[in-house]
Amino acid sequence: MAALPHPTPLPSARFFPRQPLLNCAFASSSYRSRLVGEFIGFSQGRARRRRDAGARKWWSPTMRAVLRDLDLEGSNRARRAPVVAEGMLGKERSKVVNLDDIISERGACGVGFIANLQNKASHNVILDALTALGCMEHRGGCGADNISGDGSGLMTSVPWDLFNDWASKQGVASLDRSNTGVGMVFLPKDENYMKAAKTAIMRTFLEEGLEVIGWRPVPVNTAIVGYYARKTMPNIQQVFVKVPKEESVDDIERELYICRKLIERTTQLEEWKDELYFCSLSNQTIVYKGMLRSEVLGQFYLDLQDDLYKSAFAIYHRRYSTNTSPRWPLAQPMRLLGHNGEINTIQGNLNWMQSRETTIESPVWRGRENEIRPYGNPKASDSANLDSAAELLLRSGRNPAEALMILVPEAYKNHPTLMIKYPEVVDFYDYYKGQMEAWDGPALLLFSDGKTVGACLDRNGLRPARYWRTADDIVYVASEVYENTDVKKSIASLYPYRKWLTENMRTLKPVNFLSSLVLDNDTILRQQQAFGYSSEDVQMVIETMAAQGKEPTFCMGDDIPLAVLSLKPHMIFDYFKQRFAQVILSSPVLNEGELEALMKDPYLKPQVLPAFFDIGKGLDGSLEKALKNLCEAADEAVLSGSQLLVLSDRCEELEPTRPAIPILLAVGAVHQHLIQIGLRMSASIVADTAQCFSTHQFACLIGYGASAICPYLALETCRQWRLSTKTVNMMRNGKMPTVTIEQGQRNFCKAVKSGLLKILSKMGISLLSSYCGAQIFEIYGLGQDIVDIAFCGSFSKIGGLTVDELARETLSFWVKAFSEDTAKRLENFGFIQFRPGGEYHGNNPEMSKLLHKAVREKSESAYVIYQQHLANRPVNVLRDLLELKSKRPPIPVGKVEPASSIVQRFCTGGMSLGAISRETHEAIAIAMNRLGGKSNSGEGGEVASGRFGVTPTFLANADQLEIKIAQGAKPGEGGQLPGKKVSAYIARLRNSKPGVPLISPPPHHDIYSIEDLAQLIFDLHQISGHDGGTGASPVSSIKHAGGPWELGLTETHQTLIENGLRERIILRVDGGFKSGFDVLVAATMGADEYGFGSVAMIATGCVMARICHTNNCPVGVASQREELRARFPGVPGDLVNYFVYVAEEVRGTLAQLGYEKMDDIIGRTELLKPRQVSLTKTQHIDLSYILSNVGLPKWSSTEIRNQDVHSNGPVLDEIILADPEVVEAIEREKEVTKAVEIHNVDRAVCGRIAGVIAKQYGDTGFAGQLNIVFNGSAGQSFGCFLTPGMNIRLVGEANDYVGKGMAGGELVITPVENTGFSPEDAAIVGNTCLYGATGGQVFVRGKAGERFAVRNSLVEAVVEGTGDHCCEYMTGGCVVVLGKVGRNVAAGMTGGLAYILDEDDTLIPKVNKEIVKIQRVNAPAGQMQLKSLIEAHVEKTGSKKGSTILSEWEAYLPLFWQLVPPSEEDAPEACAEFERVKAAGRVAVQSS
């Protein structure tokens, strides 16, 4: 990449489509007029009233509740309402702050800004920002002392009046605003270190020709700092310097930037280097921040209380630390940005920034580029690194908007508005995608350089934010900023990007797939053997993908040993697990023709680098030497001008002594080597390999640096399959859909692409280019020497194979191609399905038989044989490398706590009714009830996701609600119920339709962020009331994203202990539990409770046929077919017997160890000792991580499990439920009408009332009626979990999650009267409304945010406009939209109907056409449904838009589109021919 100060035509745009993704909006004098015009819903109402002395406080009604959870689409109501005062309605309420201008409550999960458009500085801006910050407290993290915050802060313009006042008191001359820089510095606490740091700082300033004016200790109130924060609190001082040589603001800022970078470099070797930090060093802005809760920031920094502290803007931030432990410097805002969200590609971004360090240059630096390196810091947070990258661009001459459009581009490829109306913006993004990979992940960014202040959204709407503007030119940004395309257009129009692209961009045209075999069958077989293919890989993976165009489905989890523990050879990819955290993807899969076209490109000067190692002189050292030679060859090629390196394991003839280097190792080694020598930006890497055929393998290669892959042997295997006699006959006989040889290969590539898309979306990543080199993997079983060569920066906590051991494993595949007795067919390694002689499976037939005998015959001796079988099994999991040993003498078993107490710690895994049969589900539940343990209904995920028939009654009656934070071998994917398992019974339970699959959406739909998790817990507490609901506390069910639970449990337990939080949480672990030994190991590692999944199913009769997903389970455990369910052999007593035996095994071992109860061993890792086991592959496994100990909790496990449920504190619902008339109406099923004031600190309002009704009457039994009218601004989850009989009206506005999980009743939301704007043009409710709702009606006079009616299964709703992703994953109900919608409408919608008004003919490109069809409203029943819902809407809300439509019905009806999923095509509302077809007897009438 050339310099990034100003664009130059790019001579070397990287040829792989690198598609980066921004929604930007700004407030500065230069953008002012645009801001006003672009944003919908700005107030044109009356000016705010200032308060007279002693009068009641009022605030601009338009601004109520802007800055916290209000993810609204630019709201502009003009109304008055009193500020919430404490003690309202006679009961103490949450503390709410007063404000003249607004009640401000957070900007998008903890970040927002306030700016005066006329650039008038005032102290009021500071007070407003502090108030807004104080109201975001529930969105931030807090330490165990309940006082230390994860961090909060303010960025403002420099308060010159305040500093000049200080200067005059010090006898210093007045500060010259034009050339004075102010540094806000965290200095070391130690007096000597502090002096040394100050000396180093001043020395640098003097060397740079700056004059140090003086130091000012910042006045602080340390009394309000928490214990944890005080331990690390720095000495906080400000330094004032004069910059005499520069005149322009940009040059002064650049000089100060250079000084700061030089100070960081010169102090790198000092002991105190980590204690010195510049919050800011600028002539324009200053940052006050710290490890403080947001509501005390203004009390800590006394400057912020001073009337002389004035600014025209303030960015405020409240931190929720997710990936790094809280520290003072990591609080935000940073120097340029306030960032909310996660950058999931951070490791790749740091690598790419490092690789540019040698190539970035610009005249503005006057040859000093070396002095400002490095550009990133692996020890800092993702936010701090993004800030550094933005700052580099800014100081190189970019403006803030341009810098962020480059770093955080939006999903522009599928954006109808941009593609049609703003092509120059698309050109801008296209131009930069080859020069800067996107910093990807859900994020909201606010930024300021002191001249401009603005906001930039992520590309997927996962971090929404909105704008308000008051009548006196104050702008408030809170949660969802409307895109200001004009700002982007002005940036994109600065240079002729389209011209440069046309002149310089090289695109690869698609080339047809080969139509015949290249190799004969014997050669194909030998190559498959040499490269490690098994018959399972070919038949179950490659052939399935070629035939169906999608990844194969398996079930029952992964129960084979970790690759490093296995006796069988594995490909290197098996040592990598995807880490946890709508995607645009251009395919990274090249066919042979496309690779050939690249190879002929003279401009790219492609160079093929053969990837083999020579073992002619012995194996040891050979692979490492070959990698070294490969990296040197890559160097040479790049220095000779090659821009494309093709790492290839293709050769004319396989040679016994020249095995192929594992391709992932080759790609990783070259990628890392080129980064380290500064050449990585000069060339792209392509893998031409036989070693890649599954999605995971493609993901690994891309994640470690490959831009594209040509999987030549997989494509040849597809061709061989298609031409085989067997396939030809099956297609001829109609047993398989006919596909051509080209289609088979295209299907294979399509399956790879959709599988990659799933992996990326799990991580919240939008772009393949962001994933390239992002290294989002953890390694299990490779040693540090391998990691250092090829996978720098990835974690390999347990060590493992050396380079030579890996060479040996590679060779064990290679030799199969040359041995005389080589089989004439591929070996079946048994990695996927159990087979005798194949890979060991934990759940195997012998184990099942022994277990069935023990539990069915209630035979202790049979259980002992089962135990012996487990003890003698091959090493399968990490805990098999451990044994329990104690220094205590044994005690009699009679002294150990009884089995009846131990089994209460047991629970069964979450298997939902539908995935398993009714008989299995009930047998497990009955058994656990008898034992006093817990059975997991399997709907836990559905609660978080709000979908598929989870109703208020179900929630109100649960004893415990479990939220999985990470899960299983496919993190975040959850269950998917195939259509054939959705029987009439299952469909009725889940409010869905028989035969229609219940899709499990990608994970970012479940929990966008840690803050949303906190809100979900709050919602669930609401419905459950004080007496239960979420058990002792939120439960963390650890399945370490496909990694071993031993590591996940250790990390969680120890991190919580180190942070003083372990007592607040019950740790439950599950995954492969089979015996008392598993329970005891988990206990010593810190777990309180133990989950049994597959083994519980085996105990009730499962025979591990592993065909659950087909609905053909031979013993009726996992089938919905009546005839198979009749074969179900299990009874609850079998499972009771199993758990009692496990508990007795635990008792016996406890007695041998000398301990009386479980409480005494939980967390005691000193009882674990490494077992002397000889592993086949390596003796280099390092167990120190799981054997370490950081201390024990202060309470026993029993005390932790039995503590009182924490509550949500005083909530509005309690006040309503304390009203005798409301109590009587619920008790006696009467009607009552109430009016209540509401404010946006009131969250999940109505949830607790609904819980009380649901507990007493169920979902439909309540015959009374509660009519409650709320006035004001509602917080998140307003109207959640409503039940029939609750008629709720809100006059005002509401936040996210309105009507979440509602099961009935009526919800009406209207703005106040006489707002001075058109209600249909303003957003009045937030994002994600009607999440998983199962009944009732909703009428909204105004627009909604994004994801309206996501997973709605029965609600009927009318709204006057929505943001993106409307009707996403909807399974039933009806949605009417009387206005504009955003893009990606009806994605994943499998049921229900939508009617959308399209007055300007723009809807069609916005609809996701994968499932639904789009038609006019032709069916009489559909016209009637639409009209009656609009009539109800007008009656309830007084909608003018609705009235107009009804009065001109004939003109408007043809402007509506009806969106119809396949399951509704025969419904009377969608089928115009319904009556005629019904008469002909062809349609089964569906009752709604």
Side-chain angles (χ1 to χ4, degrees), residues 1 4 18-26 107-109 111 113 315 317 332-346 348-350 352-353 375-376 381-394 398-413 415 418 425-426 428-449 452-465 477 480-485 487-488 491-492 581-584 760 763-772 774 1004 1008-1009:
M1 161 177 165
L4 271 184
R18 230 183 143 80
Q19 299 159 335
L21 289 182
L22 170 151
N23 299 350
C24 268
F26 311 91
C109 317
V111 55
F113 77 62
I315 290 179
H317 189 281
Q332 294 194 43
M334 293 295 170
R335 296 163 187 131
L336 183 67
L337 303 175
H339 169 237
N340 163 49
E342 299 84 41
I343 300 295
N344 294 321
T345 53
I346 183 63
N349 293 124
L350 285 169
W352 290 114
M353 287 303 285
Y375 303 143
S381 64
D382 54 351
S383 307
N385 277 296
L386 177 61
D387 189 71
S388 295
E391 199 180 14
L392 174 69
L393 291 179
L394 190 71
R398 300 303 169 94
N399 69 45
E402 188 181 8
L404 284 164
M405 284 173 70
I406 292 169
L407 292 169
V408 193
E410 67 188 307
Y412 64 100
K413 282 292 185 197
H415 195 310
L418 279 185
V425 177
V426 175
F428 176 92
Y429 290 139
D430 271 334
Y431 177 83
Y432 278 110
K433 74 186 176 192
Q435 302 202 27
M436 172 65 79
E437 58 296 327
W439 292 63
D440 214 329
L444 168 71
L445 295 162
L446 298 188
F447 56 85
S448 180
D449 59 356
T452 302
V453 59
C456 163
L457 275 182
D458 84 3
R459 38 227 148 273
N460 283 329
L462 296 187
R463 278 282 179 290
V477 170
E480 171 118 1
V481 183
Y482 229 56
E483 342 166 7
N484 192 334
T485 21
V487 172
K488 286 178 267 189
I491 298 289
Q582 190 93 34
V583 181
I584 290 178
L760 266 64
M763 294 304 310
I765 292 174
S766 307
L767 298 168
L768 196 67
S769 58
S770 301
Y771 194 75
C772 183
H1004 61 241
Y1008 304 156
S1009 67

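Note: hydrogens, waters and symmetry copies are ignored here, and every other heavy atom, side chains too, is used.
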* Over all heavy atoms of both residues, which pair between Leu446 and Phe113 is shortest? Give the atoms and the distance, please. => CD1-N, 3.4 Å
* To do: Report yes or no: does Asp387 contribute a side-chain atom to a donor-acceptor pair with the main-chain N or O of Arg335 at less than 3.5 Å?
  => yes
* Sub-3.5 Å donor-acceptor pair from the side chain of Trp439 to the main-chain atoms of Asn385, do we have one? -> no
* With side chains defined as the heavy atoms from C-beta onward, is the minimum distance between Lys433 and Asp430 less than 4.5 Å? -> yes
* **Exam field: side chain Ser448 to backbone Thr452, donor-acceptor pair closer than 3.5 Å** => yes
* If every non-hydrogen atom of Leu337 is compared with every non-hydrogen atom of Phe447, which pair is closest and at what distance? -> CD2-CB, 3.5 Å
* Can you measure from CE (Met353) to CG (Leu392) and round to the nearest 0.5 angstrom? => 5.5 Å
* Counting distance only, does the side-chain N/O of Asp449 pair as donor-acceptor with the main-chain N or O of Asn399 below 3.5 Å? -> no
* Structure fact -> CD1 (Ile406) and OH (Tyr431) are apart, to the nearest 0.5 Å, by 9.0 Å
* To do: Could you pull out the closest heavy-atom pair between Ser383 and Gln332, with the gap in Å?
  => OG-NE2, 3.0 Å
* Asked: Quick one: are Asn349 and Glu437 in side-chain contact, heavy atoms under 4.5 Å?
  -> yes
* Structure fact -> Taken to the nearest 0.5 Å, the spacing of Met334 CE from His317 NE2 works out to 8.0 Å
* Structure fact -> Heavy-atom closest pair (Ala401 atom, Ile491 atom, distance to 0.1 Å) is CB-CD1, 3.9 Å
* **Point-to-point distance, once rounded to the nearest 0.5 Å, from NZ of Lys488 to OH of Tyr429** => 5.0 Å
* Structure fact -> Rounded to the nearest 0.5 angstrom, the CD-CG distance for Glu402 and Leu394 is 10.0 Å
* To do: Taking all heavy atoms of Ala390 and all of Leu336, pick out the closest pair and write down the distance.
  => CB-CD2, 3.5 Å
* Note, Leu445 side chain near Leu404 side chain (heavy atom, < 4.5 Å) -> yes
* So, does Ser381 use its side chain to make a donor-acceptor pair with the main chain of Ala384 at under 3.5 Å? -> yes
